[in-house]
Amino acid sequence: MHERRELPENWASDFDLFDPAYVEDPYSDWVQMRAQCPVARSERYGGAVLPVRHEDIAQIAHDPATFSSRVLEATGPVPSPGRELKMPPITSDPPDHDEQRRLLLPLFTKPRIRALEGIARRRAAELIDAFGDRTVVDAADEFARHIPVTVIARMLGVPVQDEATFDRWVVMMLKEGPKEQAVRREAIRAITAYFSQLIAVQRESGQEDGGIVQALLTKRDTGPTLTDDDIVGMCLLVLVAGIDTTWSAIGSCLWHLATHPVDRRRLVDDPALLDTAIEELLRAYAPITIGRTATCPTSVGGVQMAAGDRVLLPFAAANRDPNAFDRADEVLIDREENRHLTFGLGIHRCIGSNLARMELKVALTEWLRRVPEFELAGERDVTWTGANVRGPEVLHLRFAAAALDGGDR
Amino acid sequence: MRIKVDPARCQGHNRCLDLARDLFVDDDFGYVTEVGDGSVPADEVRRAELAVLNCPEAAIELIAD
Ligand code: HEM
Ligand code: SF4
């Protein structure tokens, strides 16, 4: 990685989430921020406060009364109350949140997730087969992102032929959306219309294995508080929370292994270390930065906030705080104590964490089995996304052609 | 040794299930309690410690008898 830069002038009062140096390496900036301005603020992109200490981030995540989840976007205008995009339970606060969350939780338990492992594994194998005899591929575009799309489509009960459309919407909403509000609105409109239609179709057909949509429709018959809009919102949430996050995590893991051959060879030699290594890679490259909105005048680490102000929770910054972790900025793939915040903390803890871990393990296992030796294909062959989700958007990797042998077990 | 999960803190991250499958049991929602009275057999102590050290919510306590 490049030299640590000095923080730009006025960073404490004018930080920029899309500053190219911050997007490429926020970790270095956080080291300096912890010393100089552990809570920064900015009026850019709708305005936000940015804490980088573990204690501040944990405290905010544990205080939903003061810090509402009604707006999660890191950028863009903070809509007035009632005008937000609702995606229960992630955009809900107590007391509504718990009941909504409990509608989804049973669909994400370990046994449920185990049943999806075969789908993920087959998809991963197919994607590697499709590399053919090429020796340079874009692992973000041709591998990482398709695994979660396939799994989530199956979970929602969406026909496989709609996968490509899904993929496009997610890119529009979460990657292009933060900079282009019109693109984001367009994506949300398309997705919402699609799910409304899917609900109607599934209500008609009442098929047994209709996935999450079907399960929610069934629950509604016994729990009258669930509206069509709630179901659409939940589908939207599963789609956006389950795809982009996981593909970013898979991509970051591959980027790390491409640039750290010692770690890579160790995992190839000792696959039993993979579970521990995945936790460490999740800690070090936690993709999510999520927003909260102050419900009343308050302060974060001494920085004042008015009601309606946004604060961001960059979970990777908490994970790299030396006050919370030994050798916090080092990636130690055999780290055994790892109380990381990558899946959040408190009542909104990621519902999909079992699923994400399964997909990561399948993706990395299949990749390392088939492509044990690989490296970045060139100088500028990775670009990172910023704002809410950080991960490689482009990740060109090179490997020996022979590496692809061994497709058949 | 005994373990005790604080239900008010547990958010169902399920790290404990990954690390010490025999000591914890989850409900239909993924929230977890200790198995039985929480006693930890001698050969499970390290696993219990790892569960404690990896629970993101610090919801698990390891108590000496
Ligand atoms: C590596 C991949 C993933 C990461 C890093 C991640 C991270 C997170 C984080 C940090 C939160 C908390 C948000 C907050 O505090 O406001 C969260 C919530 C959530 N995640 Fe994930 N997530 C991942 C994968 C998934 C997957 C695969 C799904 C499945 C659909 C999913 C579904 C959800 C849902 C539904 C919530 C909202 C829970 C609530 O509000 O009660 N996530 N995720
Ligand atoms: S790791 Fe902690 S929070 Fe997660 S299920 Fe176990 S006790 Fe609950």
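Chain A forms the most heavy-atom pairs under 4.5 Å with one residue out of G30(B), A58(B), C10(B), and that residue is A58(B). When G344(A), P106(A), A58(A) are compared by the number of non-hydrogen pairs under 4.5 Å with chain B, P106(A) comes out ahead. The greatest number of non-hydrogen atom pairs below 4.5 Å with chain B, out of R112(A), R101(A), H348(A), E279(A), is found for E279(A). Per-residue counts of heavy-atom pairs under 4.5 Å with chain B were compared for H62(A), R102(A), E337(A), R339(A); the largest is that of R339(A). The most heavy-atom pairs under 4.5 Å with chain A, out of N14(B), D18(B), L50(B), V52(B), come from N14(B).
The contact between I347(A) and chain B is made by backbone and side chain atoms together, counting heavy-atom distances below 4.5 Å. The part of D28(B) that comes within reach of chain A is its backbone (N, CA, C, O), which places non-hydrogen atoms under 4.5 angstrom from that chain. Contacts of N354(A) with chain B are made by side-chain atoms alone, with heavy-atom separations under 4.5 Å and no backbone atom involved. Residue L345(A) touches chain B through both its backbone and its side chain, counting heavy-atom pairs closer than 4.5 Å. Proximity to chain A is absent for every atom of R9(B), based on heavy atoms less than 4.5 angstrom apart.
The pair D56(A)-R53(A) meets the salt-bridge criterion, with a side-chain N (NZ, NE, NH1 or NH2) lying under 4.0 Å from an Asp/Glu carboxylate O. At a threshold of 4.0 Å, the pair R292(A)-D63(A) does not count as salt-bridged, since none of the basic side-chain nitrogens sits closer than that to a carboxylate oxygen. A salt bridge links R283(A) with E280(A): the closest approach of a Lys/Arg side-chain nitrogen to an acidic carboxylate oxygen falls below 4.0 angstrom.
Atom CD of E330(A) sits in a crowded spot, with more than 12 heavy atoms from other residues, nucleotides or ligands closer than 6.0 Å. At most 12 non-hydrogen atoms from other residues, nucleotides or ligands lie less than 6.0 angstrom from NZ of K361(A).
The aromatic rings of H340(A) and F343(A) lie tilted to each other, with the angle between the two planes from 30° to 60°.
Figure legend: R320(A) and Y27(A) shown as a cation-pi pair, the cationic atom lying under 6.0 angstrom from the six-membered ring centre and within 45 degrees of its axis.
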